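Position 1 is the first residue of the sequence; numbering continues from there. Computed from a predicted model, the values in this text were never measured in an experiment. All ligand and atom numbering here is 1-based and tracks the order in the structure. Reckoned from all heavy atoms, side chains included, excluding hydrogens, waters and symmetry mates.
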Amino acid sequence: MRGVYIFTTIFFLLMPTIALANHRKPFLARRSSISTQAFIARRSSISTQDDTTTILVSPNGDFSCGFYRVATNAFTFSIWFSRSSEKTVAWTANRDAPVNGKGSRLTFQKDGTLALLDYNGKVVWSTNTTATRADRAELLNNGNLIVMDPEGQHLWRSFDSPTDTLLPLQPITRNVKLVSASARGLLYSGFYNFLFDSNNILTLVYNGPDTASIYWPNPSFDQPWKNGRTTYDSLRYGVLNQTGYFVSSDLFKFEASDLGDHVMRRLTLDYDGNLRLYSLNETSGNWSVSWMAFSRVCQMHGVCGTNAVCNYIPELHCSCLQGFEVIDPTDWSKGCKRKVDITAIWDKGNRHNITSNSTSQDFSVRKITATDFWGYDTAYTQLIPYSNCRNMCLTANNCQAFGYRKGTGECYPKYSLFNGRRFPDPYNDLYLKVPKGVPFREESDSRPTHSCGVTEKLAYPSSQMFEEVTSNFEFGYFLSSVLTLLLIEVVLIIVGFSVVRKWETRPEITDEGYAIISSQFRRFSYKELQKATNCFQEELGSGGSGVVYKGVLDDERKVAVKILNDVIYGEQELRSELSVIGRIYHMNLVRIWGFCVEKTKRLLVSEYSENGSLDRLLFDYHNLFPVLKWSQRYNIALGVAKGLAYLHHECLEWIVHCDIKPENILLDKDFEPKIADFGLVKLLKPEAAQMPSRVHGTRGYIAPEWALNLPITGKADVYSYGVVLLELVKGSQVSRWVVDGKEEVGLAVKRNVDTLREKLASEDQSWLLEFVDSRLDGEFNYSQAATVLKIAVLCLEEDRRMRPSMDTVVEVLLSLVE
Ligand SMILES: *[C@@H]1O[C@H](CO)[C@@H](O)[C@H](O)[C@H]1NC(C)=O
Ligand SMILES: *[C@@H]1O[C@H](CO)[C@@H](O)[C@H](O)[C@H]1NC(C)=O
Ligand SMILES: *[C@@H]1O[C@H](CO)[C@@H](O)[C@H](O)[C@H]1NC(C)=O
Ligand SMILES: *[C@@H]1O[C@H](CO)[C@@H](O)[C@H](O)[C@H]1NC(C)=O
Ligand SMILES: *[C@@H]1O[C@H](CO)[C@@H](O)[C@H](O)[C@H]1NC(C)=O
Ligand SMILES: *[C@@H]1O[C@H](CO)[C@@H](O)[C@H](O)[C@H]1NC(C)=O
């Protein structure tokens, strides 16, 4: 009874919030004046709009600034070129923190700052002009966004904080650096930087997750003047002028191949680490390159990973050193590993301590011509004979190889082989340390293939499967199932003991370039997934959006691999959408690890949940599993509510799931629920998306508005959640609630809700014992059960405006957690 009281109180307390949430509409300030606006005045505010995203246009019409769409519902505040055929972004305020498409706004605040606020009012970016006489913001003809005071004095300039692009007359200075984008078509920050280093030299630096190195100007010249630079001018100032000349204080200069004053230009540090000057052809709207720092990409660092050699023929090509094998064929930045572990041989030799250089007998060297690796030298010696250099490497524990320059007698023992490239210089050779007596097979370019024969499918023992399969019992089948289960168990144990390594992704090289989305989220090759799932053997389940298979990645992480049906998007769009979904992280949402896009194949790789889907355990008609206890059910109700609340209200993209049902609720080893398949709706073909029966929604779970053709909002999920709550309490599937097998499922739900509403209104609660799943033997918390049913009834209101928001549901459920 107390629970009921608390529930009612909380519900009424929260009523205003619910009402507010329902009427939360984007703030449409001065919408009509946006397109003609020449400046943003203090105290004005402009919100993200699907149709009008341009806020300011420079007087000459060359530049525009406003909200730039990075994914369906994610926006940045950016400046772009108005005259290129595709929007080319020149500057971005919030490149690593896009804002929501609904309700976010740019405001010129009372305190004098120009600020970008996310839908929830959080300041994502702002100019540092507090307590100034800042009066208005203007976009100048050269693409510079300025905040100024009434006298026209500049208080803040976008030119002072570039992202990956410099415009003519936008200087690079001691406080400024360019940071590349992480991948083609994406704005997020990547690993390459363009800046003045501490020696006053303009440099390009690869600043990766675990190594950093300068790759331009040519790092093999130890004296800057050999590169035509000087370290003595500490002014640190470089600028491109309109004609196409670039000059900087370290004496570096270049000129465009199409010198002239009437060309729109931009100097961009591209996602691949190359610095390029582009010119716009205003007739076609295309950009062409009029200068670049590297015509040969192999000279850039971090391109091929360790123990690999970069070759440009004339496309980028990475290959492993002989005796090494590639770690990840889809991601060359991971490099190659030795087929034989030389540290093990070293340890074996060292244990006996025969002589101080005994182990040198275990190794020999192999000459690799026309190859060089940059950096990672343990020492540097000049004028020594070859034999000394060789000995130095063979006796050093950590030496992997050494470079030796005939003539000058320079010796470079190396502890790591990184930034490798073909280097046709007769005076420079590389000598690789190799274990003696280990034959090396010649197989420079053999590709690892993984062929899949036709094999019998092993089904996951789901309750649904058993209904059809039981009669087909065969001993061979049984044996192989048992063996497989045993194998899975062994793998489970091994995985359980091994520490889960935090892994990181780095730009991956494919023919077409890098394909990193963000850390923790990567692209997989089809082969890799084929291998991980052992040729898609073990099916975990299937649904409207595709079939899911179990897999184990090379790093021993278990994953679920879904083959998506009917995905509309082209590769680029799919990547943009996935990059947003991939960033969504919540304890009660299935984590997306990556994807695969190859030709017509579209796969999604996500976290694996040990206990499978909720329907398997909850509607366990064959008593295969222990009964889910009340506390577990309550926790599942709460977790699913939290996950949905996050999707509906908190995450970057507000996502309506559209297919909440026990099959899409997965349980991890602690029975913590995780919602699967969120965000998929947006990836599906429109015709598929319009048919609720097929993809969204499953009979019994779909809200009445689907049938009425009303717009679908988060409240549709709230309805489906209500059905799941009833199922959790009753322990039976909605499809089984129908009487005589004739009734429509929706009506069955309605009938149940009507009865419940009456019963809940009565004082006597004894009916609960009858209503709640009999398998619980009365072992459940009465007030929690009553609350869950009350929420369910509210969620199942026909009128979606009467349904509570998921935020509210979470608060109510939390209030009764013991
Ligand atoms: C803003 O400017 C003040 C003084 O000009 C400086 O002290 C402060 O660090 C700046 N803040 C930011 C976030 O740049
Ligand atoms: C750009 O710089 C070059 C060389 O310094 C100079 O000849 C040219 O006149 C400059 N162009 C403009 C538009 O200032
Ligand atoms: C610009 O593009 C048009 C159409 O593609 C082409 O005819 C013209 O030659 C181009 N101009 C320059 C300067 O490249
Ligand atoms: C240049 O633009 C035209 C259309 O204006 C397009 O057909 C052509 O493919 C573009 N060229 C390049 C190299 O992008
Ligand atoms: C063997 O070598 C190790 C390390 O090089 C050293 O710590 C140890 O004292 C040596 N043992 C003998 C018996 O020389
Ligand atoms: C051990 O290596 C040193 C150089 O590091 C060399 O001078 C010496 O002759 C070597 N000793 C043997 C027994 O090979």
Side-chain angles (χ1 to χ4, degrees), residues 57-65 79-91 138-146 152 154 157-162 164-178 184-185 194-196 200-204 216-217 224-225 227-270 272 274-295 314 512-513 570 572:
V57 177
S58 61
N60 61 6
D62 284 350
F63 293 93
S64 307
C65 86
I79 297 174
W80 59 86
F81 289 84
S82 315
R83 302 190 195 281
S84 58
S85 55
E86 279 176 16
K87 268 188 193 173
T88 307
V89 172
W91 174 81
E138 262 183 53
L139 183 60
L140 303 187
N141 279 338
N142 58 3
N144 199 354
L145 181 69
I146 309 272
H154 296 179
R157 281 184 288 256
S158 64
F159 268 22
D160 295 337
S161 54
D164 61 355
T165 297
L166 289 176
L167 296 172
L169 305 183
Q170 176 178 14
I172 179 156
T173 63
R174 68 170 57 242
N175 302 319
V176 163
K177 69 172 175 190
L178 300 188
R184 181 184 299 175
F194 176 55
L195 44 80
F196 277 104
N200 305 322
I201 304 260
L202 260 183
T203 49
L204 288 172
W216 181 89
W225 51 264
N227 284 314
R229 308 289 190 93
T230 175
T231 58
Y232 299 119
D233 192 341
S234 48
L235 181 64
R236 298 194 194 168
Y237 187 90
V239 70
L240 174 77
N241 78 8
Q242 190 55 54
T243 318
Y245 289 95
F246 183 96
V247 285
S248 85
S249 56
D250 65 350
L251 299 183
F252 169 65
K253 51 170 162 274
F254 70 80
E255 54 185 66
S257 58
D258 59 345
L259 288 173
D261 290 341
H262 303 290
V263 188
M264 298 210 66
R265 303 179 185 283
R266 65 184 167 97
L267 183 63
T268 301
L269 178 57
D270 282 322
D272 62 1
N274 207 346
L275 185 67
R276 294 184 180 89
L277 180 66
Y278 289 90
S279 309
L280 181 67
N281 178 337
E282 291 192 26
T283 353
S284 66
N286 293 357
W287 291 98
S288 56
V289 175
S290 51
W291 175 84
M292 56 186 160
F294 288 96
S295 49
E512 74 224 68
Q572 190 65 52

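For ligand 2, the protein residues within 4.0 angstrom (heavy atoms only) are N241, T243, Y245, D261.
With a 6.0 Å radius and a threshold of 12 heavy atoms from other residues, nucleotides or ligands, K87 has its NZ atom above the threshold.
Of all atoms in ligand 3, listed by their number and element, those nearer than 4.0 Å to a heavy atom of N281 are 1 (C), 2 (O), 3 (C), 8 (C), 10 (C), 11 (N), 12 (C), 14 (O). Less than 4.0 angstrom separates some heavy atom of T283 from each of these atoms of ligand 3: 1 (C).
With sequence neighbours excluded, the residues satisfying ring-ring contact (aromatic ring centres under 6.0 Å, His included) with F254 are F246, F252, W291. Residues that satisfy the side-chain hydrogen bond (donor to acceptor under 3.5 Å, both in side chains) test with N200, not counting sequence neighbours, are R236.
The closest side-chain donor-acceptor pair between S290 and S257, if any, does not fall under 3.5 angstrom.
Two residues are said to be in side-chain contact when any heavy atoms from C-beta on lie closer than 4.5 Å; R229 and T231 fail this criterion.
Nearest heavy-atom pair across L269 and L204 is CD1-CD2, 3.7 Å.
Here side chain to side chain donor-acceptor pair (under 3.5 Å) pairs that include residues 167-177, with residues two or more places apart or in two chains, number zero.
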